[in-house]
> 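Here you go, one structure.
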Amino acid sequence: VGGSFQEAISRSIEVSSLLLGRSPWMAQSPPVGVSSRDAHESARSRSISVQSSAMREGSEGSNRSVQLEEGEASEAFLRPVRVSSTGVKSSRRSSQERDASRDYDPVTGEELPDLDAADKYEDQPPLSTFWQSVFNSTNLLMGVGLLSLPYACRLAGWSAILILVVLAAITNYTAKLLGEIMEYQPSVKLRDGPGAYTIYGFADMGFVAFGDFGRYFMFVVFIVETFGYACVYIIIEGENLRTQLMHFDAFSGFHKTDYLILSTCVFLPPMWLPNLSVLSYMSAFGVFSSLTLFLGVIFEGAVGTKPNADYCTPPQCTGSWLNPSPTTLYKLGDLPIVIGLVMVGFAGHAVFPTIKNDMEQKGQYKRMVDVTYVLVLFAYIGMAVCGYLMFGDHAEEEVTVNLGKTLISHVIVWIVLSNPVCKYPLDMAPIAFGLESFVQITFKIPYNTWVFTSVSLLIRTLLVAVSLAAVLAIPSFAVMVALLGSLGSFTISVTFPCACYLKLFWSDLSLFVKVVNVVLVILGVFGAGVGVYGTIVGGATEDLLHLSLLPPLHGR
């Protein structure tokens, strides 16, 4: 039981990654009697069987068996386990429990897979095509980071664009490294059953390269980053609810803290959903939301709409990129927080392994990464340039706050508001699933009972309350995003891929490649350390915290 939570939450991360990384056409309805998690897991298991089982088993029948076993093993981890009176999981079925129409292993008593049923399973979600994978990757990368790019330019001047391009090049390279690491054939068994020697996630990479330390380290980093993004969504929702509701009489006495509490109340109902795959349909809404924000800001800047007078007025900020506001070439004082703000826009590496496993043609993975980065970098540079020209040195932490009070700006903000409602529960799902599985295993609570349902609701409500407490302690969007970018994104997107690649392929690498990756490891560690230090104790943080705690109508 001691390791149950670690195993449960690691397994849940994989399930949630599938939910986060799939486009709407991938979230098809499974056959009757099969849960939505089964369908998602089946796609991953088919991907694993292509890479490992075809090579090790060598027959069509064994491949189908592997697919079934993987789907059953994966889903069984999140389903209740059969426990004997001695507290040990039972592996045998009594003769009374056996179905005469099924086959059973004569030694272990385990029910054997029904290969005929596998042939009838025609409604499995297909693997992703090249452009579907590009869509999924773009959906993951282009999100929170888009909102804060004009503010990053405010802090660093036009030099922020150079930082953006450099970090894009580095993370593009490390994303490709992940694909190569996944091709490595480990000598150690990673799991029981199918895919036992296949690397398909960060936990596997960490274990193969650095043993148990690597696995547990990545586990901690994933939890911190996942929880951090959930907190960011609360701040986004609270800030934008404030700009939309602050002028109504019913909300005239609300301060920022009140809007943050209101945003958690909005997130609570979807957190209670027992099947989060419903939200995976809407998770793809993130691309539409980001595209609407990008095009809306460009349009507002083209027509020269007056900016939000609660935050700045002409000539300090014109609201037009054709008649630009005053800008600065470069600033160095707030460089650590700027690096964190920019880096968070390239924090999709955690799910890139899942996306590769989900591709029909895995040989096109590197090309898919290149196309994704071109699209994302185009949007990021466009948002940074237009937003900084429009609002100059008065750009706020979230660009939506600066937008004027027009119909288009209101539509943009409400679309942005709807996106976190889906992303928040999906980001918190690994922690929720892990805690639920831990409690279930520890206290032997039957799954489909009112007791388990009550425990589940209590756990998820407490998670929302804890994330609210964290946000109230650090209510600044820029500070929270910068901390995530510095600590989480540098670790997952730069340091870990390069260190793992060096460890596994050292003897096969040229001197140049070794030097490049060693430098990137040092850069990743240094960037994370300096970013966190600069964000926490730097002068910019004090100013940001001061601004974020001011009342909604009188502080800016």
Side-chain angles (χ1 to χ4, degrees), residues 141-165 167-168 232 235-236 239-240 243 289-331 333-335 337-346 376-406 408-409 412-413 415-416 476-482 485 540 543-544 547-548 556:
L141 288 178
M142 203 159 55
V144 172
L146 197 65
L147 289 168
S148 58
L149 289 174
Y151 184 76
C153 289
R154 167 185 169 177
L155 296 181
W158 289 111
S159 62
I161 304 298
L162 177 61
I163 296 172
L164 180 65
V165 174
L167 292 180
V232 167
I235 298 175
I236 292 175
E239 281 283 355
N240 287 286
T243 61
S289 174
S290 299
L291 185 62
T292 302
L293 173 63
F294 173 65
L295 296 177
V297 170
I298 292 178
F299 177 80
E300 291 279 279
V303 299
T305 304
K306 290 183 179 180
N308 190 338
D310 293 323
Y311 297 90
C312 68
T313 56
Q316 289 82 10
C317 63
T318 63
S320 169
W321 48 266
L322 297 175
N323 179 29
S325 306
T327 59
T328 306
L329 180 60
Y330 69 92
K331 300 177 185 177
D334 298 323
L335 196 57
I337 195 172
V338 172
I339 293 175
L341 288 171
V342 174
M343 189 64 190
V344 80
F346 301 106
V376 170
L377 190 59
F378 173 78
Y380 281 179
I381 292 177
M383 174 63 78
V385 170
C386 291
Y388 191 40
L389 289 175
M390 291 168 64
F391 309 115
D393 292 332
H394 291 269
E396 291 296 321
E397 299 170 22
E398 299 165 60
V399 69
T400 50
V401 174
N402 282 113
L403 295 178
K405 300 172 183 178
T406 64
I408 293 178
S409 66
I412 293 172
V413 172
I415 290 176
V416 171
S476 170
F477 174 80
V479 172
M480 186 69 76
V481 170
D543 180 57
L544 290 171
L547 289 175
S548 64
R556 307 219 183 195

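Because only heavy atoms are used, hydrogens play no part in the values below, and waters and symmetry mates are left out as well, while side chains stay in.
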> Check whether the side chains of Asn308 and Thr243 place a donor and an acceptor atom closer than 3.5 Å, and report yes or no.
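No donor-acceptor contact under 3.5 Å links the two side chains.
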
> What is the minimum heavy-atom distance between Asp310 and Lys405, and which atoms define it?
OD2-NZ, 3.6 Å

> Regarding Ser148 and Glu398, is there a side-chain donor-to-acceptor distance under 3.5 Å anywhere?
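No, no side-chain donor-acceptor contact under 3.5 Å.
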
> Give a yes or no answer on whether the side chain of Ser320 reaches the backbone of Gly301 with a donor-acceptor pair at less than 3.5 Å.
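Flag set: sc Ser320 to bb Gly301 pair under 3.5 Å.
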
> Using every non-hydrogen atom in the two residues, find where Leu335 and Ile163 come nearest and quote the distance to one decimal.
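Scanning both residues, the minimum pair turns out to be CD1-CD1, 3.5 Å.
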
> Are Leu293 and Leu147 close enough, and set up right, to give a side-chain contact (heavy atoms from CB on, under 4.5 Å), and what steps lead you there?
CA-CA 9 Å; Leu293 173 63; Leu147 289 168; 3.5 Å; yes

> Distance-only, no hydrogens or angles: does the Ser325 side chain make a donor-acceptor pair with backbone N or O of Met390 under 3.5 Å?
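Here the side-chain-to-backbone pair exists.
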
> Give a yes-or-no answer on whether the side chains of Ser289 and Thr292 include a donor-acceptor pair shorter than 3.5 Å.
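Looking only at side-chain atoms, Thr292 and Ser289 do not form any donor-acceptor pair under 3.5 Å.
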
> Taking Trp321 for the side chain and Ile298 for the main chain, is one N or O donor matched with an acceptor at less than 3.5 Å?
yes

> Kindly determine whether Tyr151 and Phe391 satisfy ring-ring contact (aromatic ring centres under 6.0 Å, His included), including the steps that lead there.
CA-CA 9 Å; Tyr151 184 76; Phe391 309 115; over 10 Å; no

> Please report the shortest heavy-atom distance between Ala152 and Val338, naming the atom on each side.
O-CG2, 3.8 Å

> Tell me if a side-chain donor or acceptor on Asn402 pairs with a main-chain N or O of Ala395 at a distance below 3.5 Å.
no

> For the residue pair Trp158 and Tyr388, is the inter-centroid distance of their aromatic rings smaller than 6.0 Å?
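Yes, the ring of Trp158 comes within the 6.0 Å limit of the ring of Tyr388, centre to centre.
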
> Quick one: does Glu300's side chain have a donor or acceptor within less than 3.5 Å of a partner on Thr305's backbone?
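No: the side chain of Glu300 does not pair with the backbone of Thr305.
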
> Side chains of Thr400 and Asn240: donor-acceptor distance under 3.5 Å anywhere?
yes

> Please answer whether the main-chain N or O of Asn323 pairs with a side-chain N or O of Thr318 as donor and acceptor at a distance below 3.5 Å.
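Checking the backbone N and O of Asn323 against the side chain of Thr318, a donor-acceptor pair under 3.5 Å is found.
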
> List the atom of Ile337, the atom of Ala482, and the distance in Å for their closest heavy-atom pair.
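Scanning both residues, the minimum pair turns out to be CG1-CB, 3.3 Å.
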
